[in-house]
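First up is the structure itself, then whatever we jot down about it.
In listed order, ligands and their atoms are each counted from 1.
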Amino acid sequence: MRILVISDIHANLTALETVLSAAGSFDAAWCLGDLVGYGPDPNECIQRVQALPNLVCILGNHDAASLNHIGVTAFNPEARQAIYWTQRALTEQSRIFLANRPEIVVMGEVTLAHGSPRQPVWEYVMDTYVATQNFAYFETAYCFIGHTHLPLCYVLQQGEQTAVAAPPEPDSISGLLPRTIINPGSVGQPRDRDPRASFAIYDSEAQTWEYRRVAFDVRDVQERMIAARLPERHILRLEGGW
Ligand code: ZN
């Protein structure tokens with residue numbers, strides 16, 4: 001099966017549509033949370049993702065906050081502002097969809113979590129120390145995560161004590177080694193100084209990971225953010241991918 005792996009769409013329909021056109025055909029879609037927050041198109045993104053084939057979609061921290069399921073105090077003031085905006089914008093149907101998202105899912109050889117397998121909604125896996133600890137919290141060969149908006153890969157080889165970070169090369173296909181924690185990066189708000197949308201294709205037979213970047217029309221989504229009076233910082237950061 002060719003499985004589209006996407007994360008952190010953040011209500012950016014322009015980036016999402018661009019990724020879907022670039023991805024080619026796929027048999028299933030796995031979405032690693034944060035469908036909403038920051039961007040101007042929460043309902044549109046939810047509808048688009050809901051229609052993807054064999055969808056598995058888990059809960060992110062922005063999704064939970066937009067439902068008022070977790071407090072907003074842990075978010076910085078501008079992120080909070082975007083969450084309040086999203087809370088007002090969400091339709092009842094969108095709310096129901098988000099409210100039914102699981103925090104963690106196991107699909108064959110893969111565990112899916114937004115932040116980490118240890119703390120699925122909140123923890124950031126940003127370094128080998130945290131990554132190494134997290135290998136004790138899932139049993140499958142692989143764990144796919146989002147949340148940091150950084151495409152990153154951590155491998156813990158048999159007999160080793162410490163995971164090794166292996167940054168993936170854009171537009172390359174690599175074999176996945178058991179055991180691996182891997183992040184496809186963010187569709188709607190990349191933060192690795194590359195403003196292109198980030199996603200991956202996981203081939204569950206070949207056990208390969210195809211990491212892709214694709215440029216989207218940043219101006220298009222920025223115009224809708226300006227019209228919605230979303231925080232300026234979130235509008236600007238899309239240009240530089242920070
Ligand atoms: Zn996010």
Geometric class of the Tyr124/His147 ring pair [parallel <30°, tilted 30-60°, perpendicular >60°]: parallel
More than 12 heavy atoms of other groups within 6.0 Å of Glu239 CD: yes
Lys NZ or Arg CZ of Arg80 over Tyr84 ring: under 6.0 Å, within 45°: no
Whether Phe75 and His62 hold their rings parallel, tilted or perpendicular, with breakpoints at 30° and 60°: perpendicular
Count, waters excluded, of protein N, O or S atoms under 2.8 Å from the Zn ion (ligand 1): 4
Parallel, tilted or perpendicular, as decided by the 30° and 60° cut-offs, for the rings of His234 and Tyr38: perpendicular
Report all side-chain donor-acceptor pairs from residues 156-164 shorter than 3.5 Å, counting only partners two or more places apart or in another chain.
none

